[in-house]
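For reference, the structure discussed in these notes is given below.
Protein chains get the first letters and strands the later ones, always in sequence-line order, with residue 1 at the start of each.
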Amino acid sequence: MSREQTPVAASATGEAVGVARWGVLELDVTGTAAAAVTFHHADREAVAGPVDVGGRRLVRFSPDLPGRWSYSVTDAGGAVLDEGSRECLPARPGDHGPVRVHGTRFVHADGTRHHSIGTTALWWHHQDEVERAATLATLVASPFDTVRMSVLPEGATSWTDEEGLAVVEAAVAELAQLGLQAELVLFATEGALRPGQPGWQQHLQQVVGRLAAASNVTWCLALDADRSGLPAQVWDETLRVLAELDHGRRLRTVHAGPGFDFGHRLITHSSVRDDMRWEAQDLVRAFAKPAVLDVGSEGDVPVPGGGLTAQEMVSLMWWGVCRGAYSWHAEEFVDGPWSRYGGKLDGDAAPRLAFLRQVLAAAPAELARNPVERHTFTLEAPGEYYLQYHGLHRYSTHRFSLPEDVRFGVEVVDTWEMTVDRLAGTFSGDIVLDLPRKPYVAVRITRC
Amino acid sequence: MSTPTAQVERWGLHEIQLDGPSEGNPFTDVELGATFCFRNREVAVAGFYDGDGRYRIRFSPDQEGRWSYRTWSSAPELDGVRGELAVGPPGEGNHGPVHVWDGSLFRYADGTRHESFGTTCYHWTHRGDEELEEQTLQTLAGSPFNKVRMCLLPTASMQPPRLAFVGDTPGELDKTRFDPEFFAHLERRVLDLQRLGIEADLILFHPYDKGHWGVDDMTPEEDRFYLRYVVARLAAFRNVWWSMSNEFDFNKAKTMADWDALLQHLQRIDPYRRLASIHNGTAMYVYASIYDFDKPWTTHQSIQHWDARLTSTWRQAHPRPVVVDEIGYEGDIERRWGNLSGRDLTRRFWYTMAGGGFMGHGECFVDTKPQWVSSGGRLVGESPARIAFLRSIIAEGPADWIAARDDGYRLDYFGERRFAYHDLELGDDPHEVDVIDTWEMTVTPLEGTFRGRCRIPLPDRSDLAVRVRRVS
């Protein structure tokens with residue numbers, strides 16, 4: 001996260017400095033009665049509140065449209081204390097902007113595809129410097145583009161103070177440097193640090209005021225929200241307050257089982273603890289928004305969702321992808337709890353997910369699950385590309401219908417062995433493939 | 001283009017009126033909407049064509065303060081109109097929309113209690129009979145009911161002067177055009193209900209057209225087009241609830257997947273998340289095909305069933321309020337769903353509420369023309385007065401009278417049973433006990449206070465309830 005800083009209240013006449021698109025504009029309102037800063041652009045308006053950072057009072061904002069942004073600093077009564085403007089300059093090279101929702105897919109603000117694979121390392125940033133460095137080194141070499149991490153330290157009993165937020169902020173910046181997204185879990189599932197408990201709104205104000213300008217941040221209200229014991233109106237209220245505070249308009253979700261109200265208009269994408277009961281319902285279509293699937297964790301820890309073998313983990317993740325969702329990784333061994341504290345990955349899934357990532361990197365940007373194909377889950381760009389995953393099912397032959405007038409190449413992919421075998425010839429119309437009668441096979445069909 | 005700041009009360013209705021193209025078919029040709037912004041939160045709402053080149057965008061703000069908006073449209077003259085709203089406190093009697101509270105209950109958005117006491121007048125706004133509609137409103141004003149179930153689409157046996165769609169020939173309605181006058185009339189009546197503090201539970205589809213007008217077997221695209229128009233016009237009225245269908249499973253043109261998709265779509269396009277559910281059919285005493293209310297695109301359980309004693313089972317099965325919208329009507333017609341006695345219907349109300357749910361009333365007597373349940377008018381039955389009494393008993397008790405069973409309050413109802421006594425285990429605190437005659441509408445306090453194991457003597461009759469309240 002790079003920032004262009006301008007002392008503000010002191011310098012109403014100061015020289016206007018430009019800010020890169022999706023960068024951070026920071027106004028220093030220390031010692032003023034500033035309560036809010038409203039940023040105006042021809043097509044957009046945003047309101048940011050000040051937060052205390054290292055003895056100063058700062059307002060941060062990330063302009064997401066090029067051109068002139070004017071701002072006005074107001075006190076609690078709405079009186080204007082200061083005004084100014086800044087130019088939003090082109091993005092820094094290589095910055096594709098924050099991740100947004102486009103239909104049922106994620107995409108960067110500049111249109112770059114984002115076939116995301118995330119992983120969970122909830123408290124990696126609360127470890128010592130050596131451990132943190134190890135986690136970052138692991139992430140760089142991993143297939144993961146997003147890290148799910150908790151704002152609240154493990155077992156916290158009070159809201160995160162300024163120092164604690166500095167730790168989160170530093171971690172978010174380190175991830176940004178590596179081109180990684182940070183999904184910040186904002187509240188606890190149980191106890192006094194849930195939404196609706198005393199201090200929850202101030203907590204949200206502090207976190208959002210401090211971090212919403214970071215373009216690699218996305219929000220997750222809580223994990224396992226459906227097990228929190230909180231009634232629906234609490235989540236509704238929390239989503240509303242977050243949306244009102246969030247001048248960065250970051251992705252906003254709640255992690256829960258499939259019965260949660262993911263259709264809520266303020267939830268940008270669902271974050272679902274996968275449940276095979278819902279095979280009959282297509283989660284992505286049901287809510288018409290992207291779905292992130294928590295399929296469980298590779299490892300040996302006897303908790304619900306834990307103890308998956310690498311084969312099972314990889315298979316569930318392929319399955320999730322071909323159902324049109326984004327599969328989430330987690331790993332927790334008794335002797336290596338990556339998804340709690342980071343460190344290194346001990347499992348055998350991650351290398352296979354790197355292979356999955358390669359496959360997705362070669363796929364078109366616009367992908368969706370085929371809504372009618374009933375034999376096997378099929379991710380497709382119709383007429384261009386089909387990716388089918390058979391999971392545990394061992395097909396000897398497999399039928400599929402392709403357009404008549406186009407030639408396609410067909411590859412048989414072993415998702416575990418990470419091999420790709422191209423079948424001889426080209427295919428069109430109704431095809432019957434001979435398959436190797438083993439599990440974990442995918443079929444990739446690409447227009448010639 | 002910019003307009004002066006408009007004043008509107010919280011949960012009130014602001015309407016933006018715009019002039020635009022009238023050629024072609026503006027219902028299908030012109031896209032219009034506005035994005036309203038409060039701080040950083042955006043609420044996108046669709047606008048609608050109101051005929052004669054007039055377009056409207058309706059919006060009901062849920063927070064006080066400054067809102068800004070900007071329109072978007074495929075028609076340049078409707079696009080990019082900006083404005084601001086100054087939203088002030090709600091006026092008298094405006095408690096906001098009804099929301100789900102704590103899983104099984106309702107509350108108004110301002111926190112005021114709301115217990116739903118519904119009735120049914122399916123087509124009270126469709127006959128073109130202003131006098132009858134006024135009479136219906138008068139009857140409602142003097143009734144215990146705070147919700148009316150009412151349909152938008154006609155049945156096969158009706159010949160209404162106006163329909164939602166343009167046209168008056170069965171089978172030849174123009175499903176690409178709506179009749180703005182039909183809707184304006186309906187909206188006026190929805191507002192009349194709002195002034196009386198009555199919720200309008202709008203039934204969007206029903207299976208009683210039998211292919212006559214052609215409105216119960218429309219294509220998915222036509223269904224959505226209709227839903228979009230209805231939501232654009234009516235969602236901003238804070239007393240609107242959505243009932244996706246009456247007796248959904250009786251409609252053979254639609255599958256469960258269709259209903260799921262319609263409910264999902266409704267949630268997607270409704271800017272306010274008005275209460276939304278779907279009402280099942282039954283063959284009385286044979287089967288009830290209740291919707292799966294685990295599905296998160298419903299807000300409450302709208303249930304047709306004959307047995308009110310299942311209420312606590314439904315309440316425990318899904319964390320959503322139970323509204324037994326139809327349980328049989330008071331009346332004497334030749335169908336068993338329509339010839340319950342007032343005493344029987346009253347019992348079903350009490351059983352439902354004693355189980356932690358809410359219920360809907362209906363009335364159809366052979367000698368009353370028109371019949372209340374289909375067209376409104378006046379009520380002649382014996383149950384409404386008893387339902388009013390029940391409502392007063394509930395209003396005197398705690399907001400969550402089921403949770404309060406562990407906390408010093410209980411309302412035990414015996415219905416048709418005639419018990420000599422009622423045994424209670426009350427703990428160490430002293431309690432007051434009342435014997436309630438639900439039919440005679442009397443409350444008889446017993447002398448003294450009660451604690452520990454105690455036996456409450458009951459008079460020799462049925463339709464009694466016992467109310468126990470800890471002495472504070």
In terms of heavy-atom proximity below 4.5 Å to chain B, should A/Leu266 be classed as side chain, backbone, both, or neither? side chain
Compute the ring centroids of B/Phe248 and B/Phe205, then answer whether they are less than 6.0 Å apart. no
Kindly state whether the ring of B/Tyr291 and the ring of B/Trp297 have centres lying under 6.0 angstrom apart. no
Using non-hydrogen atoms and a 4.5 Å limit, figure out which bit of B/Pro271 sits close to chain A: side chain, backbone, both or neither. both
Pair A/Arg44 + A/Asp64: basic N to acidic O under 4.0 Å: yes
Can the ring centroids of A/Tyr326 and A/His269 be said to lie less than 6.0 angstrom from one another? no
Heavy-atom pair count under 4.5 Å with chain A, highest-scoring of B/Thr35, B/Asp102, B/Val100: B/Asp102
Within the 4.5 Å heavy-atom criterion, are B/Arg268 and B/Leu266 side-chain neighbours or not? no
Portion of A/Asp261 that has a non-hydrogen atom of chain B nearer than 4.5 angstrom: both
Under a 4.0 Å N-O cut-off, is there an ion pair linking A/Glu45 with B/Arg66? yes
If you take the centroid of each ring, where Trp contributes its six-membered ring, are B/Trp241 and B/His300 closer together than 6.0 Å? yes
Between chain B and each of A/His264, A/Lys289, A/Arg249, A/Arg240, count heavy-atom pairs under 4.5 Å; write down the option with the most. A/Arg240
Region of B/Arg273 in contact with chain A, defined by heavy-atom distances below 4.5 Å: side chain
Ring centroid separation B/Phe293 to B/Trp314 under 6.0 Å: no
Between A/Gly248, A/Pro231, A/Ala243, which has the largest tally of heavy atom pairs under 4.5 Å with chain B? A/Ala243
Which atoms of B/Leu105 are under 4.5 Å from chain A, going by heavy atoms: the side chain, the backbone, both sets, or neither? neither
What about the rings of A/Phe61 and A/His247, do their centers lie closer together than 6.0 Å? yes
Results of side-chain hydrogen bond (donor to acceptor under 3.5 Å, both in side chains) for A/His102 - residues two or more places apart only: A/Glu366
Does B/Phe36 offer a backbone N or O that forms a donor-acceptor pair with the side chain of B/Arg70 under 3.5 Å? no
Could you tell me which portion of A/Ala288 (side chain, backbone, both or neither) has an atom closer than 4.5 angstrom to a non-hydrogen atom of chain B? both
With a 4.5 angstrom heavy-atom cut-off, which part of A/Arg285 approaches chain B: side chain, backbone, both or neither? backbone
Filtered by a 4.5 Å non-hydrogen cutoff, the part of residues 38-45 of chain B contacting chain A is B/Phe38, B/Arg39, B/Asn40, B/Arg41, B/Glu42, B/Val43, B/Ala44
